[in-house]
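The structure appears below as structure tokens.
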There are 2 protein chains.
Amino acid sequence: MSTTQGARARARIEVTAAIKDEARRQLAAEGAAKLSLRAVARELGMVSSALYRYFPSRDDLLTALIIDAYDSVGEAAETAHAEVADAGVLLRWTAVCEAVRGWALAHPHEYALIYGSPVPGYVAPETTVPPAARVALLLIGIARDAQRAGMLAEPPLPADLHAEAERMVADFAGDLPPAVAVALVAAWAELYGLVSFELFGQFRRVVEDREAFFRYAVRRLALGVGLADV
Amino acid sequence: MSTTQGARARARIEVTAAIKDEARRQLAAEGAAKLSLRAVARELGMVSSALYRYFPSRDDLLTALIIDAYDSVGEAAETAHAEVADAGVLLRWTAVCEAVRGWALAHPHEYALIYGSPVPGYVAPETTVPPAARVALLLIGIARDAQRAGMLAEPPLPADLHAEAERMVADFAGDLPPAVAVALVAAWAELYGLVSFELFGQFRRVVEDREAFFRYAVRRLALGVGLADV
DNA sequence: ACAAAAAAGAGAGCACCGCTCTTGCATTGG
DNA sequence: CCAATGCAAGAGCGGTGCTCTCTTTTTTGT
């Protein structure tokens with residue numbers, strides 16, 4: 001049982017969580033670049049070297065935060081989607097996209113950590129892949145439902161992408177038409193372009209009504225994928 | 001005359017350039033996070049404190065590199081566009097977008113510097129705005145030419161964006177239809193979503209034929225803005 | 001032409017960083 | 001009960017951005 005696994009193991013779990021919490025606090029306050037192991041340790045009343053019992057390096061701590069961030073945005077998107085699960089595909093698509101944007105605005109530094117410049121020299125371990133895929137899976141699911149309901153118009157697909165499209169379908173798109181799979185990947189990347197530009201300040205003096213603009217852009221993305229209107 | 005302005009001023013320009021060159025070298029090699037004033041000074045055979053005569057802080061050096069990067073990608077896009085200036089609007093659009101992607105792949109760390117996570121606590125000074133706008137101005141120009149040639153189909157525009165769209169037109173879109181201006185801004189952001197996802201590794205195990213995929217996605221963007229086919 | 005002023009480099013030093021290693025103490029499992 | 005393990009602490013290494021002072025060199029004003 002997990003209750004009988006000894007005080008030491010319990011303490012380890014708690015300390016690990018405390019470190020991540022404090023690190024997340026500093027991340028939110030100052031950004032990834034200013035996340036300092038020494039400062040985390042100081043705040044927790046321990047000495048910096050003690051942290052290395054829990055995270056072998058600063059990058060490993062960052063990796064843990066990255067995975068948590070992917071899970072956090074994934075969960076936010078899933079929750080938002082569940083609330084409109086019975087609505088039309090366009091509304092569900094919009095809900096997911098707006099959840100991503102809302103999470104990004106609420107956690108800018110965590111967003112930057114996962115969708116901004118990669119930490120130099122740092123390569124994301126395979127463990128980050130499943131959490132990172134959660135939002136994409138939602139979008140795929142919506143497209144699938146649309147197809148099942150006959151509300152999916154197949155966009156055109158250039159000849160030189162047929163093979164690539166077939167591979168995508170086989171890899172992760174299940175029973176979607178190849179043209180939709182490719183369009184979906186493009187829309188997925190474009191969605192994060194919109195969020196990143198808003199968050200990273202490129203929309204300053206360009207877009208004022210960010211909500212309305214995002215709603216519009218996201219709807220365009222949905223139509224581009226083939227999701228039927230209303 | 002600039003030749004009579006004294007040896008000191010000449011030397012200052014040269015040293016400033018040398019510092020930026022060496023900094024850019026380190027930036028390309030290791031990324032912005034590992035750019036070290038001391039290392040730059042060491043490589044240049046000066047002492048670290050001497051650098052502060054030229055750049056008051058590390059962030060100011062970064063700002064200089066940011067402006068240069070914007071100019072660099074802007075120039076790359078302008079050059080590529082000039083080479084196909086007489087072709088159709090769709091081809092010109094594609095040329096600009098592919099120039100951006102090519103530049104990004106060739107200068108990943110500089111790209112990350114300007115389109116990745118902003119440096120924490122750092123706010124871009126107004127001086128960065130004109131260089132940052134160069135690519136966008138190209139895209140606007142293409143849309144304008146298309147309109148003048150009657151090859152621009154006006155996309156739909158939701159009612160709650162009319163005011164926003166009018167403002168955009170007044171601010172930077174000249175004589176474009178409001179609906180096109182808004183769509184253009186969206187496409188502009190989406191373009192960088194595509195490039196960023198490829199560059200930052202989100203396409204790993206997702207997109208294999210990156211060139212073909214990008215060509216396809218960029219063409220979709222152009223059509224979405226209303227640029228007529230062929 | 002010469003003195004005053006401005007600019008630039010050198011060096012020492014401060015406070016911080018990530019990370020390593022060794023040393024003791026506490027907990028745990030056989 | 002006791003040896004093995006886990007863990008915190010401390011000292012220390014090499015690095016960082018940045019400041020301050022001191023000296024030398026160049027420019028400038030009279």
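Residue numbering restarts at 1 for every chain, and letters A, B, ... go by the order of the sequence lines.
Between the CZ atom of B:Arg8 and the C1' atom of C:dG9 there is a distance of 10 Å, rounded to whole Å. Between the CZ atom of A:Arg10 and the P atom of C:dT27 there is a distance of 16 Å, rounded to whole Å. Rounded to a whole Å, the CG atom of A:Leu61 is 15 Å from the C1' atom of C:dC17. For the pair A:Glu30 CD and C:dC17 P, the computed distance is 11 Å after rounding to whole Å. The NZ-P distance, from B:Lys34 to C:dG18, rounds to 13 Å in whole Å.
Without hydrogens or angle criteria, B:Thr16 side chain to B:Arg12 main chain gives a donor-acceptor distance under 3.5 Å.
Shown here is B:Arg210, whose CZ atom has more than 12 heavy atoms of other residues, nucleotides or ligands within 6.0 Å. Annotation for A:Glu75: atom CD does not count as buried by contact number, only 12 or fewer foreign heavy atoms lying within 6.0 Å.
Aromatic ring centres of B:Tyr115 and A:Phe200: separated by at least 6.0 Å.
Contact of the B:Val40 side chain with the B:Arg25 side chain is not registered, since no non-hydrogen atoms from C-beta on lie closer than 4.5 Å.
Within the helix from C:dA1-D:dT30 to C:dG30-D:dC1, the inter-axis angle between the opening and closing five-pair segments is 10°, rounded to 10°.
Using cut-offs of 30° and 60° on the angle between ring planes, the pair B:Tyr111 and B:Tyr192 is parallel.
Checking A:Thr63 against A:Asp60 by side-chain atom types alone, no donor-acceptor pair falls below 3.5 Å.
Exactly one residue among B:Ile67, B:Ile66, B:Ile114, B:Asp68 makes a side-chain contact (heavy atoms from CB on, under 4.5 Å) with B:Pro131. That residue is B:Ile67.
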Determine, for nucleotides 8-18 of chain D in 5'-to-3' order, which nucleotides have protein heavy atoms under 4.0 Å from the base (write B), from only the sugar-phosphate (write S), or from neither (write -). BBB-B---BBB
